Amino acid sequence: MLQQAFNGLVGGAFYALLALGLSVIFGMLGVVNFAHGAFYMLGAFGAYVLLDSFGVNFWVALAVVPLVLGAAGVLVERVFVRRLTGLDPLYGFLFTFGLALILQDAVKREYGVQSQPYPRPAALSGSLDLGLFDYPVYQVFVLVLSVLVCAATWLAMTRTRVGVIVRAATERPELTRALGIDVGRWVAPVFGFGIALAGLAGVLAAPMRAVNPLMGADLIITVFAVVVIGGLGSIFGSVAAGFGIGLVSALGNLYVPALSQTLVFIVMAAVLLWRPAGLFGREEAAL
């Protein structure tokens with residue numbers, strides 16, 4: 001059970017990184033970024049292409065790919081998403097859904113639908129003795145790095161002036177504007193930061209999961225459920241729900257395998273019946 005719980009925390013690490021980016025983007029822009037899974041896929045393929053075509057190792061890819069995708073996210077926001085500001089949120093959903101399809105098909109055309117192998121870095125091979133059981137070093141690295149990134153993001157949001165402004169603009173955009181703060185200048189960087197988190201999760205996933213054009217589409221629906229459970233726009237809620245759902249899914253696979261594919265949505269329905277705004281969402285979201 002303990003080993004399965006640890007598996008759940010590792011899976012929850014990916015949910016937490018993706019949900020954190022989704023939550024920040026939704027909170028500030030009000031856009032349900034359906035292309036988030038596609039950028040996660042691009043993160044994995046970015047690492048694969050750098051290794052296969054240029055011989056660039058995992059460690060360089062871990063630093064470069066999120067930065068490149070974050071810059072691409074800033075460009076996408078300034079060129080496309082910004083034009084949808086003030087329109088019905090459905091337009092943002094349709095745009096990001098179409099963008100996801102375009103990115104997936106572009107990768108399919110270049111690399112096909114077959115999964116591409118990506119080796120684990122030599123420094124993170126083997127197993128680590130955790131006392132009661134041995135566990136792969138790479139999975140431990142993924143968990144630790146994800147926790148550090150989430151913690152660093154939270155500290156930056158709560159302990160720095162820029163972070164406080166971004167968090168205020170994310171959770172209370174109207175009030176922030178009323179205080180004379182130019183929310184618009186932070187929109188593109190925040191969108192790019194959310195995309196960079198998706199790219200980071202993709203690079204981390206490459207040595208663990210099959211690198212293929214549909215890997216993001218297979219994951220994004222669950223991540224949306226995680227965001228809803230945590231509370232739309234809640235940064236802490238997204239991270240907590242990500243790790244929590246990872247644990248629930250892993251233990252569900254162990255004890256109720258017949259419900260393993262639907263358990264997260266059962267949890268989401270139960271949470272929404274009890275608290276429509278999500279576990280850590282604002283009550284106003286329920287109105």
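No experiment lies behind these values; they were computed from the predicted model shown. Atoms considered below: every heavy atom in the structure, side chains included; atoms not considered: hydrogens, waters and symmetry mates.
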Note to self: Return the OH to CG distance between Tyr138 and Leu143, rounded to the nearest 0.5 Å.
What the structure shows: 12.0 Å
Check: From Phe236 CZ over to Leu279 CG, what is the distance, rounded to the nearest 0.5 angstrom?
Finding: 10.0 Å
Check: Nearest 0.5 Å, what's the CD-CG distance between Gln104 and Leu42?
Finding: 9.0 Å
Notebook entry, point to check: Where do Pro213 and Phe45 come nearest, in terms of heavy atoms and distance?
Noted result: N-CE1, 3.6 Å
Check: Rounded to the nearest 0.5 Å, how far does CG of Leu90 lie from CG of Leu94?
Finding: 4.0 Å
Next item on the list: Report the distance from atom OH of Tyr15 to atom OG of Ser146, rounding to the nearest 0.5 Å.
Entry: 13.0 Å
Next item on the list: Please go through Val74's hydrophobic cluster and name the other residues, only I, L, V, M, F, W, Y counting, with side-chain heavy atoms under 4.5 Å joining them.
Entry: none
Check: Under a 4.5 Å side-chain heavy-atom rule over Ile, Leu, Val, Met, Phe, Trp and Tyr, are Val24 and Leu155 clustered together?
Finding: no
Next item on the list: Just do the side chain to side chain contact (heavy atoms under 4.5 Å, CB included) check on Phe95 and Val31 with the steps written out, would you?
Entry: CA-CA 10 Å; Phe95 168 74; Val31 173; over 6 Å; no
Next item on the list: Report yes if the side chains of Ile229 and Val226 come closer than 4.5 Å at any heavy-atom pair, otherwise no.
Entry: no
Next item on the list: Measure from the side-chain N and O atoms of Gln139 to the backbone N and O of Val137, and report whether any donor-acceptor pair falls under 3.5 Å.
Entry: no
Notebook entry, point to check: Which pairs with one or both residues in residues 116-140 pass salt bridge (charged side-chain N to carboxylate O under 4.0 Å, His left out), sequence neighbours excluded?
Noted result: none
Margin query: Check this for me: Tyr91, atom OH, are more than 12 non-hydrogen atoms of other residues, nucleotides or ligands nearer than 6.0 Å?
Written below: no
Next item on the list: Provide the closest heavy-atom pair for Ala123 versus Trp59 in the form atom of the first, atom of the second, distance.
Entry: CB-CZ2, 4.4 Å
Margin query: I'd like to know if Val203 and Leu148 are part of one continuous hydrophobic network [Ile/Leu/Val/Met/Phe/Trp/Tyr, side-chain heavy atoms within less than 4.5 Å].
Written below: yes
Next item on the list: Measure the shortest side-chain to side-chain distance between Phe141 and Val144 over non-hydrogen atoms and say whether it is less than 4.5 angstrom.
Entry: no
Checklist line | Any donor-acceptor pair under 3.5 Å from Gln4 side chain to Leu251 backbone | finding: no
Item checked: Residue pairs passing the salt bridge (charged side-chain N to carboxylate O under 4.0 Å, His left out) test where at least one lies in residues 66-94, sequence neighbours excluded -> Glu77-Arg82
Next item on the list: Find out whether Phe280 and Ser238 are in side-chain contact, i.e. whether some heavy atom of one side chain is under 4.5 Å from a heavy atom of the other.
Entry: no
Margin query: As an exercise, state the distance from CZ of Phe39 to CG of Leu103, rounded to the nearest 0.5 Å.
Written below: 5.5 Å
Notebook entry, point to check: Between Val223 and Ala19, which heavy-atom pair has the shortest distance, and what is it?
Noted result: CG1-N, 3.8 Å
Note to self: Membership question, hydrophobic clusters at under 4.5 Å side-chain separation (ILVMFWY): are Leu254 and Leu2 in the same one?
What the structure shows: no
Notebook entry, point to check: Distance-only, no hydrogens or angles: does the Thr96 side chain make a donor-acceptor pair with backbone N or O of Phe34 under 3.5 Å?
Noted result: yes
Item checked: Leu18 backbone acceptor or donor facing His36 side chain under 3.5 Å -> yes
Check: With a 4.5 Å heavy-atom cut-off, do Leu200 and Val65 have their side chains touching?
Finding: no
Notebook entry, point to check: Can Val140 and Phe6 be said to form a side chain to side chain contact (heavy atoms under 4.5 Å, CB included), step by step?
Noted result: CA-CA 9 Å; Val140 175; Phe6 211 84; 4.1 Å; yes
Checklist line | Minimum-distance pair of heavy atoms, taken over all atoms of Phe58 and Pro207 | finding: CE1-CG, 4.1 Å
Note to self: Are Val56 and Val64 packed together at the side-chain level, in the sense that at least one heavy-atom pair is separated by less than 4.5 angstrom?
What the structure shows: no
Next item on the list: Under the side chain to side chain contact (heavy atoms under 4.5 Å, CB included) rule, what do Asn7 and Val10 come out as? Steps first, then yes or no, please.
Entry: CA-CA 5 Å; Asn7 289 337; Val10 174; 5.7 Å; no
Next item on the list: Kindly indicate whether the side chain of Arg209, heavy atoms from C-beta on, has any atom under 4.5 Å from the side chain of Leu219.
Entry: yes
Notebook entry, point to check: Is it true that a side-chain atom of Ser23 and a backbone atom of Leu20 form a donor plus acceptor pair closer than 3.5 Å?
Noted result: no
Next item on the list: Take Leu197 and Phe193 through the test side chain to side chain contact (heavy atoms under 4.5 Å, CB included) and record every step on the way to the result.
Entry: CA-CA 6 Å; Leu197 288 176; Phe193 176 71; 3.7 Å; yes
Note to self: Starting from Leu67, can I reach Phe54 by hopping between I/L/V/M/F/W/Y residues whose side chains sit under 4.5 Å apart?
What the structure shows: no
Note to self: Using only atom types and a distance under 3.5 Å, with no angle test, would you say the side chain of Ser53 pairs donor to acceptor with the backbone of Leu50?
What the structure shows: no
Next item on the list: Please work out which of the three classes, parallel, tilted or perpendicular, describes the rings of Tyr135 and Phe133, given edges at 30° and 60°.
Entry: perpendicular
Notebook entry, point to check: Do you know which two heavy atoms are closest between Gly199 and Leu69, and how far apart they sit?
Noted result: CA-CD1, 3.6 Å
Next item on the list: Verify the cluster assignment for Leu124 and Leu128: are they in a single hydrophobic cluster under the rule of side-chain heavy atoms below 4.5 Å apart?
Entry: yes
Check: Are any non-hydrogen side-chain atoms of Asn33 and Val81 less than 4.5 angstrom apart?
Finding: no
Notebook entry, point to check: For Phe97, does the CZ atom have more than 12 heavy-atom neighbours from other residues, nucleotides or ligands under 6.0 Å away?
Noted result: no
Notebook entry, point to check: Any side-chain heavy atom of Leu145 sitting closer than 4.5 Å to one from Leu62?
Noted result: yes
Notebook entry, point to check: Which atom pair, heavy atoms only, marks the closest approach of Ala196 to Pro66?
Noted result: CB-O, 3.4 Å
